[in-house]
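Worksheet: the structure to be examined is printed underneath.
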Amino acid sequence: MLKFFLYLLFMIPICFFKKSYWIIQNMFFFLMFILLFMNYNLLMFNINLMFGLDLLSFGLILLSLWICGLMIMSSTSIYFSNFNNNYFLLNVLCLLFLLVFTFSSMNLFMFYVFFESSLIPTMFLIFGWGYQPERLQAGLYLLFYTLFASLPLLMVLFFIMKNFFTLNFNFLKEFSLESFLFYFFLVFAFLVKMPMFMVHLWLPKAHVEAPVSGSMILAGVLLKLGGYGLIRVFSVILNFSVKLNIFWIVLSLVGGFLVSLICLRQIDLKALVAYSSVAHMSLVIGGLMVLMSWGWGFSYTLMIAHGLCSSGLFYLVNLFYERLSSRSLLINKGMIVFMPSISLWWFLLCSSNMAAPPTINLLGEIGLLNSIIGWSKMMMIPLILISFFSAAYTLYLYSFSQHGKFNISNYSFSFALNREYLILFLHWFPINLLILKGDIMVIMF
């Protein structure tokens, strides 16, 4: 794993070369393929000695590399306008560096440090390359929500170190914290990052103000940090989790239903996709909290699926935004007349978002429904509502943006470019390809 860190480290000077934009993007994809074809003995929780790479972190590191490569491809407006593009590349590189460290650290304290550090490049992305003046408020929301929940977690880590003399993931399985307060602090920090309903307000704000690259990395990878952290810390608080997780399950599933209703009355395309992320992550929280191997395996599947699908939808919204300078559904109407081939991609990614076959979204959602209903049959009611309304708001998004009478002022803009089709293909293709390796995606813990 050290060779990958050195590879990323020595890419930093390349960011400041004159024609380095596409070199960096190619190097990200190159690194991803090297990592993909290395012959690791990967099993879930079979943490190797080399920077703790098990199947859980392996998939998320690959996702980070993939999304970061696509972020650079998507942000060509920064490249063509020469808007500090060297600093932009450096920012993306630092963010990727921190994410790879986060997913491959074996020590809970190191995980915490990198988990929090990934906020800083994200904030710079929103502050430096965001679109509206409200981006300062959005960045502060993001910072304070996450820090407010994470500082108690740091105290708990110090307590664990003082009493158990280790923060290594392998050894933490042997210990158990017998305190409600510690249980709450450990879980709450990650639920805010997911984000769970009621602590989700930073997410739509951050998405709406962020540039397309910020939205892609937020939806694609940063929301997965919460799920990853929960899986890692549950072994220490198992006794309390069995008794108290019902509260989080009910709250997140009912919240997922309410957020689906909020989606149905959005007129801002980006806000709609952002709220749909909250609805999907509520299912992931439910799957993680039931503490069954099915729940965890399929939560991991849905996290990967959602990362690719949501990132693709944000890119599509940006594609219209660059041409019409608006994200409002009142202006983005009848787009099938202007860009029929982009309508196909809207259809493909919207159908992935509502878990149509053969996507891994379907695999993840079926498994999560199974595990949550296996835990309690009463949960069938919120799950039915979430499934139905997730299809409803996705159809609303597709039909309102593609059909209807188009705005007469949209008389002149360019068709999509080959690069844009390639980005959409690289979002959509892995979601459908990974279903062939469904056995690895849901490998039992």
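What you see is a predicted model, and the numbers here were worked out from it, not measured in a lab.
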Y398 vs H403 side-chain heavy atoms within contact, under 4.5 Å: yes

Test item: I61 and F4 side chains (from C-beta on) under 4.5 Å apart, heavy atoms: no

Stacked cation flag K270 on Y321, 6.0 angstrom / 45 deg: no

Contacts of type side-chain contact (heavy atoms from CB on, under 4.5 Å), residue S179, not counting sequence neighbours: L181, F182

For Y79, ring-ring contact (aromatic ring centres under 6.0 Å, His included) partners two or more places apart: Y21, W22

is_close_aromatic(F115, Y228), centroid dist under 6.0 Å: no

Validation row: S213, V92 side chains within 4.5 angstrom (heavy atoms): no

Side chain to side chain, M11 and L89, heavy atoms closer than 4.5 Å: no

Rounded distance [0.5 Å steps], CG in N26 versus OG in S20: 11.5 Å

Close side-chain approach of M106 and R232, heavy atoms under 4.5 Å: no

Sequence neighbours excluded - side-chain hydrogen bond (donor to acceptor under 3.5 Å, both in side chains) pairs with any residue from residues 56-67: D54-S57

Ring center gap for F144 and F148 short of 6.0 angstrom: no

Heavy-atom side-chain proximity of C68 to L95 below 4.5 angstrom: no

Check: F101 ring centroid to F5 ring centroid under 6.0 Å: yes

S341-Y421 side chain donor-acceptor pair, cut-off 3.5 Å: yes

Aromatic plane relationship, W428 with F425 - under 30° parallel, 30 to 60° tilted, over 60° perpendicular: tilted

side-chain contact (heavy atoms from CB on, under 4.5 Å) partners for S117, two or more places apart: L98, V113

Results of side-chain contact (heavy atoms from CB on, under 4.5 Å) for V233 - residues two or more places apart only: L108, L186, F190

Parallel, tilted or perpendicular: ring planes of H207 versus F314, cut at 30 and 60 degrees: parallel

Plane angle bin for F109 and Y112 - parallel if under 30°, tilted between 30 and 60°, otherwise perpendicular: parallel

Rounded distance [0.5 Å steps], CE in M354 versus OG1 in T359: 10.5 Å

Within-4.5 Å side-chain heavy-atom neighbours: L96 and I217: no

Near-ring test F29/F33, centroid separation under 6.0 angstrom: no

Test item: E420 side-chain N/O and L417 main-chain N/O as donor-acceptor pair under 3.5 Å: yes

Within-4.5 Å side-chain heavy-atom neighbours: Y183 and L177: no

Residue pairs fulfilling side-chain hydrogen bond (donor to acceptor under 3.5 Å, both in side chains) with at least one residue in residues 129-142, sequence neighbours excluded: Y131-N318

